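In this text the structure is predicted, and so the values were computed from the model without any measurement.
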Amino acid sequence: MYTGYEIYSPEKEYFTKDGQIYTEEIFSRDYPAVHSEKIVVYLYGGTVTEVYTMSYLRGINRIKNDVTDEEAIIEFNRVKQLDDTESTAIERIAASLEYLTLLFMEDMQ
């Protein structure tokens, strides 16, 4: 089961979040930018969960145009994997508060 970014291809079979097949007509209706820009989809299995233009992803990830699309996709997936594994500030604060609470409870006994 593949999870990650890839360039949208009308020849490939994709699925919507509700399990329907994303035909080329439905995809182009939902994402009309497909006619004017290169589209990147984020897949979980074969299900399309996110859709972006290549230029948008390059911009937010600060990837220059001299990098090939394939290299850019590799970088998008690397950054996404880091985002998924790094804890957020809120998660770190919550863990610290839980730790302090446990320490305090031990002192009370």
Side-chain angles (χ1 to χ4, degrees):
M1 172 167 64
Y2 175 75
T3 299
Y5 289 104
E6 70 177 44
I7 297 171
Y8 170 75
S9 169
E11 290 82 35
K12 186 172 178 185
E13 186 172 83
Y14 299 100
F15 295 95
T16 63
K17 292 178 185 177
D18 62 357
Q20 302 298 315
I21 294 177
Y22 240 138
T23 64
E24 186 176 354
E25 295 79 28
I26 293 172
F27 194 88
S28 63
R29 182 197 68 212
D30 290 350
Y31 304 102
V34 75
H35 300 293
S36 59
E37 292 194 56
K38 193 169 286 185
I39 299 295
V40 177
V41 293
Y42 186 80
L43 301 173
Y44 183 79
T47 303
V48 176
T49 59
E50 301 171 22
V51 178
Y52 302 100
T53 62
M54 178 65 83
S55 59
Y56 173 77
L57 282 177
R58 282 180 180 271
I60 64 170
N61 289 291
R62 296 185 177 122
I63 297 176
K64 296 181 179 178
N65 288 332
D66 59 348
V67 174
T68 68
D69 290 341
E70 291 75 21
E71 292 170 332
I73 292 290
I74 291 168
E75 182 63 13
F76 301 154
N77 284 317
R78 188 189 69 75
V79 169
K80 180 75 167 177
Q81 185 177 19
L82 286 176
D83 288 346
D84 290 345
T85 57
E86 288 183 358
S87 59
T88 65
I90 293 172
E91 291 169 332
R92 291 190 300 273
I93 291 168
S96 298
L97 291 173
E98 288 173 15
Y99 177 73
L100 290 173
T101 301
L102 289 173
L103 285 178
F104 180 72
M105 288 172 63
E106 287 178 7
D107 289 341
M108 296 296 292
Q109 294 179 3

Student: Indicate, with yes or no, if Leu43 and Ile26 share a hydrophobic cluster defined by side-chain heavy-atom contacts under 4.5 Å among Ile, Leu, Val, Met, Phe, Trp and Tyr.
Tutor: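 Same cluster: Ile26 reaches Leu43 through Ile, Leu, Val, Met, Phe, Trp or Tyr contacts under 4.5 Å.
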Student: Does Asp69 have any side-chain hydrogen bond (donor to acceptor under 3.5 Å, both in side chains) partners at least two apart in sequence or in another chain, and if so, which?
Tutor: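 Partners of Asp69 by the side-chain hydrogen bond (donor to acceptor under 3.5 Å, both in side chains) criterion, ordered by chain and then number, come out as Lys38, Arg58.
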Student: Please identify each residue that fulfils ring pair (Phe, Tyr, Trp, His ring centres under 6.0 Å) with Phe15, with sequence neighbours left out.
Tutor: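 Expected list: none.
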Student: So with a 6.0 Å cut-off around CD1 of Ile90, is the heavy-atom count from everything else above 12?
Tutor: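 It does not: Ile90 CD1 has 12 such atoms or fewer within range.
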Student: In Å, rounded to the nearest 0.5 Å, how long is the span from CD1 of Ile73 to OH of Tyr5?
Tutor: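 One finds 9.0 Å between CD1 of Ile73 and OH of Tyr5.
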Student: Which residues satisfy the side-chain contact (heavy atoms from CB on, under 4.5 Å) test with Glu71, sequence neighbours excluded?
Tutor: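 For Glu71, the residues satisfying side-chain contact (heavy atoms from CB on, under 4.5 Å) (neighbours in sequence not counted) are Val67, Thr68.
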Student: Ring centres of Tyr42 and Phe76 under 6.0 Å apart?
Tutor: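 No, too far apart.
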Student: Please report the interatomic distance OG1(Thr23) to CD(Glu13), rounded to the nearest 0.5 Å.
Tutor: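 Nearest 0.5 Å value for the OG1-CD distance: 10.5 Å.
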Student: Considering residues at least two apart in sequence or located in another chain, which fulfil the side-chain contact (heavy atoms from CB on, under 4.5 Å) criterion with Ile60?
Tutor: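 Here the qualifying residues are Tyr56, Leu57.
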Student: Quick one: list whatever passes salt bridge (Lys or Arg N to Asp or Glu O under 4.0 Å) with Glu37, sequence neighbours left out.
Tutor: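 Glu37: no salt bridge (Lys or Arg N to Asp or Glu O under 4.0 Å) contacts found.
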Student: Can you check side-chain contact (heavy atoms from CB on, under 4.5 Å) on Phe27 and Tyr8, steps first, answer last?
Tutor: CA-CA 10 Å; Phe27 194 88; Tyr8 170 75; 3.5 Å; yes
Student: What are the two closest non-hydrogen atoms of Ala33 and Thr53, and how far apart are they?
Tutor: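 Closest approach of Ala33 to Thr53: CB-CG2, 4.3 Å.
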Student: Please name all residues satisfying side-chain hydrogen bond (donor to acceptor under 3.5 Å, both in side chains) with Ser28, sequence neighbours left out, ordered by chain then number.
Tutor: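 None.
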Student: If you group Ile, Leu, Val, Met, Phe, Trp and Tyr whenever their side-chain heavy atoms sit less than 4.5 Å apart, what else falls in with Leu97?
Tutor: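 Once heavy-atom contacts under 4.5 Å are chained together, Leu97 belongs with Ile93.
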Student: If a pair satisfies salt bridge (charged side-chain N to carboxylate O under 4.0 Å, His left out) and one of its residues is in residues 14-26, list it, with sequence neighbours excluded.
Tutor: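 Listed once each, the pairs would be none.
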Student: Applying side-chain hydrogen bond (donor to acceptor under 3.5 Å, both in side chains), name anything that partners Tyr31, two or more places apart in sequence or on another chain.
Tutor: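 Partners of Tyr31 under the side-chain hydrogen bond (donor to acceptor under 3.5 Å, both in side chains) test: none.
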Student: Applying side-chain hydrogen bond (donor to acceptor under 3.5 Å, both in side chains), name anything that partners Asp66, two or more places apart in sequence or on another chain.
Tutor: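 Partners of Asp66 under the side-chain hydrogen bond (donor to acceptor under 3.5 Å, both in side chains) test: none.
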